[in-house]
Amino acid sequence: MDDTSDKSTDRPGQTPRFRRVPLRLIIPNMVTLLALCSGLTAVRMAFEGRWEFAVGAVLVAAVLDGLDGRVARMMKGTSRFGAELDSLSDFVNFGVTPALMLYLWILKEAGNLGWIAALIFAISAALRLARFNVALDDPNKPAWASRFFTGVPAPAGALTVLLPLYLDFLGLFPHWFADDAFVAAYTIGIAFLLISRLPTYSGKTLGTRVRRDYVLPLFVFAVLIVALTVSYPFRMLAGGAVLYLLSIPFSWRAHRKLVQAEADMALDDDGDECDTDLDDLADRDKDHGG
């Protein structure tokens, strides 16, 4: 019996039928899947009216979303598959889930207007993620551009759009703030911040290097933030959402200064050899005995 066909996969130069995948590629994707599970669990909690657990699940998804990319870079496990999975997970966790939560909480009372607001937010999250993926391939971005996002990032948008829900549980808002029409307008407003061109702080450059004398205070501060968030979740989330919205004008101002500085440098060094500044002329005079 001729069994050459069974041995064909063992020939040199051919790709084996089953290849082993390194663990460093699997672990970051597992973190992404855990974030996706947390986001979907938030939808279930919202259907059951367990809003504290629903908000907590969205927060956990946001934390895991911030970790998966860092884990992938640390383990050198970045991949095209992981990037696509992360985008799909972000759309569900920070686009679909908050929209459904708000609709089940109060937007359904606004009828068609409430559903339209939820749709606009979810679609805006998808468009924002698509634009972010396209911008990754731009080779002309300056080095300082990594300090900013274009528009509000999806995780921040998800936690910010739920601000009326936080305030409702705290009882810290006027009655009109909990009105279904106002919440619908607020949801649409945050949706437009997602797809806007406003620069917002990214925070990616923070934490790369920490002074030695700041290490222990940083640990204490991190433990304090976690303890306060666990003990007073709605207060911490409401305060964080308000502070984030207030930081947008400052990020726009910082971005504008950097753009202006780069434009000034381009005017000073425009590539024209005949166009020199006074310092260069003085140096030439010295070289030629002038």
> So do Thr187 and Ile120 actually touch side chain to side chain, heavy atoms under 4.5 Å?
Replying inline: no

> What distance do Leu25 atom CG and Thr78 atom OG1 have between them, rounded to the nearest 0.5 Å?
Replying inline: 8.0 Å

>> Counting neighbours of CG on Asn112 that are heavy atoms of other residues, nucleotides or ligands and sit closer than 6.0 Å, is the number greater than 12?
In response: no

> Are Asn93 and Asp65 side-chain neighbours, meaning at least one heavy-atom pair lies under 4.5 Å?
Replying inline: no

> Does the side chain of Val230 reach to within under 4.5 Å of the side chain of Met236, using non-hydrogen atoms?
Replying inline: no

> Do Asp168 and Trp105 come close enough that some side-chain heavy atom pair is under 4.5 Å?
Replying inline: yes

>> Please determine whether side-chain contact (heavy atoms from CB on, under 4.5 Å) holds for the pair Thr160 and Tyr186, giving the CA-CA distance in whole Å, both sets of side-chain angles, and the decisive distance to 0.1 Å.
In response: CA-CA 10 Å; Thr160 303; Tyr186 175 78; 3.6 Å; yes

>> Let me confirm one number: the CD1-CG distance from Ile248 to Leu243, rounded to the nearest 0.5 Å.
In response: 12.0 Å

> How far does CE of Met45 sit from OG1 of Thr97, to the nearest 0.5 angstrom?
Replying inline: 12.0 Å

>> Between Leu162 and Leu237, is there a side-chain heavy-atom distance shorter than 4.5 Å?
In response: no

>> Please determine whether side-chain contact (heavy atoms from CB on, under 4.5 Å) holds for the pair Phe192 and Leu198, giving the CA-CA distance in whole Å, both sets of side-chain angles, and the decisive distance to 0.1 Å.
In response: CA-CA 10 Å; Phe192 277 101; Leu198 285 173; over 6 Å; no

>> How long is the straight-line distance from CZ of Arg73 back to CG of Asp68, given to the nearest 0.5 Å?
In response: 8.5 Å

> Tell me, which pairs form a ring-ring contact (aromatic ring centres under 6.0 Å, His included) where one or both residues lie in residues 222-245, sequence neighbours left out?
Replying inline: Phe169-Phe234

>> The criterion is ring-ring contact (aromatic ring centres under 6.0 Å, His included); which residues satisfy it with Phe91, sequence neighbours excluded?
In response: none

>> For Trp115, give me all partners under ring-ring contact (aromatic ring centres under 6.0 Å, His included), at least two apart in sequence or on another chain.
In response: Tyr103

>> Do Arg128 and Pro153 have side chains that approach each other closer than 4.5 Å (heavy atoms only, starting at C-beta)?
In response: yes

